[in-house]
Amino acid sequence: MKKKLINFSGLLLLFLFICVGCNKAINEKAGDDTSTVTKKDVKGIGYKKGGFVFSMSNLRKITRPRSLTAAPVIQTSHLYMVFQPVTAGHYRAIEEKNIPTYPFPLATDSLDVSNPDYSNLYTFLPIKNSGNLPNCPYIVLDSVCLLNPESPTAALAYQAAGKEIIYRPNGDDIPQEPADPCDPWEDCPIEEPPPPPPPPPPAPPKPADNRSTPFSVEYDNCSMNTDENYPSGRITVEETQWGNGGIAYEGVRDVKVEILGPQGQRVIAQTDRYGCFKATGAIRGFRPLIGPRLPVILNVIFKSDRKEIRGMNKTIPDQYTKPLLHIYGNISYSMNNANVSYERHTSNEGDDTKYYVAATVNNALYEFDEYAANDGILSPGNDLKILVTCFAGSASTPMLNDLKSRNVWDAAAVTNYLNTRVGGLGGILAPSAPDIVFGYAYVGTSSADFATDKIKETAYHEFAHASHYRKTTTQMWIDNVKYVADYGVGSGNPYGHVGDPGVERTDLIEMWGYFMGREYAHRRYGPNAHSAILEYYSVADASPSTFNNSWYAVNEHRSWIGVNIFEHDHIPAGFLHDIIDSNVYNQRRVPGLFESTVVADTIAGYSISRIYNNLDGSTGSPAILMNKLRNYLPLGNATAHFDLLRNSYGY
């Protein structure tokens, strides 16, 4: 956990919103209305059966009359449906079935996303999946056969519907699509992109500096499709610390890009490490012979096999129970060069801020993975569930989703326990329990609070917890969650106080998190690319950015004269830095950083992997960790000096 626990009052209000409401189900299947609400009275349903060009009732007109000699073989391929969720459980049921749904009508040649309505979620459900529907109110609006809008059969369908043929019905000019066994309206596996080029090497280190220095990710040279029917482009996020006076961007890694075209077309792609995407499927029929192009909608979904990021900045259950969906809008005039960028925003409740924070946290995960691999420690596990929310001003890593996958009773016990201790939190988390909660309700909402390095330092801190979780026991994690709920919430210190039963376990978990967050932030931003770290330095001392006010220095300054050497009065995070750092390294920087005179730090040379390998389930306190590490002194260190350093921290 970082800084303090979740803002429970805000979450409680959200919980009450989710749980109070009408539970009346509206179901219609095979034409049978099973409720007292008639179709015309249902909000948002202005669709008339047969009103879609490719509805079966219209397509039968071109298969039955003898006058139409083409007689194509046409049968129902999809059901045009609208789900009408009321509770968080309904949204979760849709998500568990992996059904792509959208808060705007789809059976049209002119998609309109200007007024999304999350109480009516539309989809084209493949007919083969119609027997496996989620437990959620729904209406089947029509049965359809989705065709290529530029095909000769589609031209006949337009003619039968009495509409103008706006596409060129010339089958000879239509490229043949490759056979694909996966329906475009299923959550299909995405074709693996070619291996990305290796990242640029770090800049040559300065004398006696064995740490890598930051490098700028190259994203401008994305490989684009040359055929305008095949979407391609890039998704980027502002990197506030690399602009050198301007604005710099980096690619948003491994997020799903979804493109919706007219008449029920859908293709998906995934971004690479540079934020580039290149679809292998085509969108057709958006360029009529006369008139403006029809809308082609691009959506960004923060989901992959590696993680799922959810976003919550409004009291809408759909935001919490499903992956974060950004409905970007129309790209019909930039189909093979579509660019989406997320700039820094500071309004807590604004969507733009939510997207910016989510994209930055997303990238921090992959950076942590790379740093962890270099250090020989475990990365956070796959299928990580991350919630970014403005209803909290801090971050925490309860790992509830993973606990649920290991032992549903353990996860239920934790959420129920939290519910009794801190109001509605347990009830909110239960439907789709997160592993990590990242709150960005920063006090003052200044641009400095939303600097990229500050967001990533907190994210690295939480990912270090998720890595530690994989090394230790689930019981230790459960006990820590309960401890924070009992002794941290409302106590004036989010981690409790010295003497509280269980405080040493929390001290161990947090000393690792605080150390790793700053360590990896320094790796990324080096001695002078960080923002002003005003939590630890005055305005005058925080700028300009130098080695003496860097994230590395924060770890070092925890043991300087006049500064409390403990985080939150009792967490010895500086100890881990002290056994790794070297005074030779510190003093050869310009300006130099001298060792503290408050602690007796003459120890150097420990590795992160050595520390991590001693964080197994038998290590339950800083004292136990120190005792273990004492047995692995690197060459050139003395046991007596180790003991002096340990004693400096009161152990």
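Quantities reported herein were computed from a predicted structural model and do not represent experimental measurements.
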Next item on the list: Give the ring-plane orientation class for His468 versus Trp477, where under 30° counts as parallel, over 60° as perpendicular and anything between as tilted.
Entry: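 Perpendicular.
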Next item on the list: Look at the rings of Phe302 and Tyr355 and say which category their plane angle falls in: under 30° parallel, 30 to 60° tilted, over 60° perpendicular.
Entry: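 Taking Tyr355 first and then Phe302, their aromatic rings lie parallel (interplane angle under 30°).
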Considering only NZ, NE, NH1 and NH2 on the basic side and carboxylate oxygens on the acidic side, decide whether [X] and [Y] come within less than 4.0 Å.
X      : Y      : value
Arg253 : Asp369 : no
Arg646 : Asp643 : yes
Glu535 : Arg518 : no

I'd like to know if the side chain of [X] and the backbone of [Y] have a donor-acceptor N/O pair within less than 3.5 Å.
X      : Y      : value
Glu457 : Ala521 : no
Glu567 : Asp507 : no
Ser543 : Ala532 : no
Asn401 : Leu384 : no
Asn362 : Ala358 : no
Asn528 : Ser545 : no
Arg344 : Thr353 : no
Tyr469 : Thr397 : no
Thr360 : Tyr356 : yes
Asp375 : Ile377 : no

Nearest-0.5 Å distance that lies between atom [atom1] in [X] and atom [atom2] in [Y]:
X      : Y      : atom1 : atom2 : value
Asp410 : Lys404 : CG    : NZ    : 13.0 Å
Met516 : Ser467 : CE    : OG    : 6.5 Å
Ser550 : Tyr537 : OG    : OH    : 6.5 Å
Ser618 : Ile624 : OG    : CD1   : 7.5 Å
Leu324 : Leu387 : CG    : CG    : 10.0 Å
Arg630 : Leu645 : CZ    : CG    : 12.5 Å

Checklist line | Option from His461, His577, His465 for which ring-ring contact (aromatic ring centres under 6.0 Å, His included) with Tyr514 holds | finding: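 Considering His461, His577, His465, a ring-ring contact (aromatic ring centres under 6.0 Å, His included) with Tyr514 is found only for His461.
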Checklist line | Check against side chain to side chain contact (heavy atoms under 4.5 Å, CB included), Glu238 and Thr452 | finding: CA-CA 8 Å; Glu238 182 179 355; Thr452 305; 5.7 Å; no
For the student: nearest non-hydrogen atoms of [X] and [Y], plus distance:
X      : Y      : result
Tyr249 : Ser341 : CE2-CB, 4.0 Å
Ala372 : Leu378 : CB-O, 4.2 Å
Thr472 : Leu615 : CB-O, 3.8 Å
Asn363 : Gly251 : ND2-O, 2.9 Å
Pro634 : Tyr606 : CD-CE1, 3.4 Å
Asp402 : Ser405 : O-OG, 2.6 Å

Next item on the list: Could you verify whether a donor N or O on one side chain and an acceptor N or O on the other, from Asp453 and His530, lie under 3.5 Å apart?
Entry: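 The answer is no; no qualifying pair exists.
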Margin query: Under a 3.5 Å threshold, yes or no: a donor from one side chain and an acceptor from the other, between Asn548 and Thr546?
Written below: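 No - no donor-acceptor pair under 3.5 Å links their side chains.
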Any side-chain heavy atom of [X] within less than 4.5 Å of one from [Y]?
X      : Y      : result
Tyr366 : Lys307 : yes
Phe438 : Thr458 : yes
Ile509 : Tyr495 : no
Val300 : Tyr342 : yes
Leu576 : Leu625 : yes
Glu370 : Arg273 : yes
Leu508 : Met476 : yes
Ile436 : Val361 : no

Notebook entry, point to check: Take atom CD in Glu349; do more than 12 heavy atoms of anything else shown fall under 6.0 Å from it?
Noted result: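 12 or below, so no.
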Notebook entry, point to check: Taking atom NE2 of His345 as the centre, does the number of heavy atoms from other residues, nucleotides or ligands within less than 6.0 Å exceed 12?
Noted result: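 It does: His345 NE2 has more than 12 such atoms within range.
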Item checked: Pairing residues for Asp541 by the side-chain hydrogen bond (donor to acceptor under 3.5 Å, both in side chains) criterion, not counting sequence neighbours ->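 Expected list: Ser538.
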Next item on the list: Kindly determine whether Arg610 and Ile579 satisfy side chain to side chain contact (heavy atoms under 4.5 Å, CB included), including the steps that lead there.
Entry: CA-CA 11 Å; Arg610 174 62 70 189; Ile579 64 175; over 6 Å; no
Checklist line | Pair Tyr520 and Trp551, ring centroids less than 6.0 Å apart | finding: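 Between Trp551 and Tyr520, which both carry aromatic rings, the centre distance is not below 6.0 Å.
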Item checked: is_close_aromatic(Tyr552, His522), centroid dist under 6.0 Å ->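 Under 6.0 Å, so yes.
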Next item on the list: Before giving the answer on side chain to side chain donor-acceptor pair (under 3.5 Å), spell out for Asn480 and Thr506 the whole-Å C-alpha distance, their side-chain angles and the decisive distance to 0.1 Å.
Entry: CA-CA 6 Å; Asn480 184 61; Thr506 296; 2.5 Å; yes
Note to self: side chain to side chain contact (heavy atoms under 4.5 Å, CB included) for Tyr612 and Trp512? Distances and angles first, verdict last.
What the structure shows: CA-CA 9 Å; Tyr612 183 79; Trp512 171 254; 3.6 Å; yes
Check: Going through the checks in order, is the side chain to side chain contact (heavy atoms under 4.5 Å, CB included) test met by Ile611 and Tyr632?
Finding: CA-CA 10 Å; Ile611 297 171; Tyr632 296 99; over 6 Å; no
Next item on the list: Output all residues satisfying salt bridge (Lys or Arg N to Asp or Glu O under 4.0 Å) with Glu367, sequence neighbours left out; order by chain, then residue number.
Entry: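 Per chain and number, Glu367 pairs via salt bridge (Lys or Arg N to Asp or Glu O under 4.0 Å) with Lys456, Arg524.
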